[in-house]
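All remarks here apply to the structure that follows.
Because the structure is a prediction, the values reported are computed rather than measured.
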Amino acid sequence: MVVKVSMPCERSRSRAMALAARADGVISVAITGDARDKLEVVGDGVDPVCLVSCLRRKVGHAEILQVEEVKDKKPEEKKPEEPKPPQPMVVHPPPHGYYSYHHHHLPPPMVACEEPSSCSIM
């Protein structure tokens, strides 16, 4: 949005910028115009009427010149990627003698998936 504010000196400009920056939803504030008398405010959910009334009380005369919704450029249409099936990992048992009790034979290797919710153990 663009707001015209009576800002005759640098002190009033910095005060107006500080007030606008503190408003809810404001992302950025800039001074524009040839006479440096316009505030360009960018934000999400900024209440222009509330901002202008605050500027009028604290700085001086203020009026709304333009309120516009800024839309982002359309992202390139991407084809939805097919989810890749999880790759099984071979997990070898610990070396012989690792346990506190002795086995005469080692259990077969286990197969585990990285995503246990979509894969069953074979």
Side-chain angles (χ1 to χ4, degrees):
M1 85 174 93
V2 180
V3 179
K4 184 173 182 178
V5 184
S6 173
M7 302 180 286
C9 64
E10 198 59 41
R11 183 175 180 206
S12 61
R13 286 185 192 99
S14 63
R15 185 176 178 132
M17 283 188 70
L19 286 169
R22 277 189 252 139
D24 289 336
V26 173
I27 295 171
S28 68
V29 180
I31 294 179
T32 59
D34 294 335
R36 296 179 48 118
D37 62 346
K38 296 176 184 155
L39 279 180
E40 187 172 303
V41 180
V42 178
D44 186 29
V46 181
D47 185 2
V49 175
C50 181
L51 177 62
V52 168
S53 65
C54 180
L55 288 169
R56 284 178 183 161
R57 279 194 313 266
K58 305 280 183 166
V59 179
H61 179 75
E63 62 182 281
I64 300 171
L65 296 180
Q66 178 183 10
V67 177
E68 179 179 312
E69 182 177 346
V70 179
K71 295 183 180 181
D72 293 334
K73 295 180 182 177
K74 291 183 180 179
E76 295 178 14
E77 293 182 25
K78 296 181 181 179
K79 294 180 182 177
E81 296 180 16
E82 295 180 16
K84 297 178 182 177
Q87 299 294 324
M89 293 176 25
V90 176
V91 179
H92 296 285
H96 186 65
Y98 183 75
Y99 299 108
S100 60
Y101 55 93
H102 296 285
H103 286 287
H104 293 291
H105 66 282
L106 295 175
M110 296 184 305
V111 177
C113 293
E114 292 177 2
E115 298 180 21
S117 62
S118 65
C119 179
S120 61
I121 297 176
M122 294 183 219

> When you look at Leu65 and Glu63, which way does the side chain to side chain contact (heavy atoms under 4.5 Å, CB included) test go after all the steps?
Replying inline: CA-CA 6 Å; Leu65 296 180; Glu63 62 182 281; 4.0 Å; yes
>> Please find the pair of heavy atoms, one from Cys9 and one from Ser12, that lie closest to each other, and give the distance.
In response: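 Distance-wise, the nearest heavy atoms are O-OG, 2.8 Å.
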>> Show the nearest heavy-atom pair for residues Val26 and Ala20, with the distance to one decimal.
In response: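 Closest pair (atom of Val26, atom of Ala20, distance): CG2-O, 3.2 Å.
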>> Taking side chain to side chain contact (heavy atoms under 4.5 Å, CB included) as the definition, give me every residue that meets it alongside Ile31, ordered by chain and number, with sequence neighbours left out.
In response: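 Counting only residues at least two positions away or on another chain, Ile31 forms a side chain to side chain contact (heavy atoms under 4.5 Å, CB included) with Arg13, Met17, Arg36, Leu39.
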>> Holding to side chain to side chain contact (heavy atoms under 4.5 Å, CB included), I want the full list of residues that pass it with Thr32, two or more places apart in sequence or in another chain.
In response: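 Side chain to side chain contact (heavy atoms under 4.5 Å, CB included) check on Thr32 returns Lys38, Glu40.
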> Measuring from Arg15:CZ to Met7:CE, what's the distance to the nearest 0.5 Å?
Replying inline: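 So the CZ of Arg15 and the CE of Met7 are separated by 13.5 Å.
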Using residues 42-60 as the side-chain source, report each donor-acceptor pair under 3.5 Å to any protein atom, sequence neighbours left out, with the distance given to one decimal.
unit_1 : atom_1 : unit_2 : atom_2 : d
Asp47  : OD1    : Val49  : N      : 3.4
Ser53  : OG     : Val49  : O      : 3.3
Ser53  : OG     : Cys50  : O      : 2.9
Arg56  : NE     : Ala62  : O      : 2.7
Arg56  : NH2    : Ala62  : O      : 2.9

> Do Val3 and Val67 belong to the same hydrophobic cluster, where Ile, Leu, Val, Met, Phe, Trp and Tyr are linked whenever their side-chain heavy atoms lie under 4.5 Å apart, directly or via other members?
Replying inline: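 Hydrophobic grouping puts Val3 with Val67.
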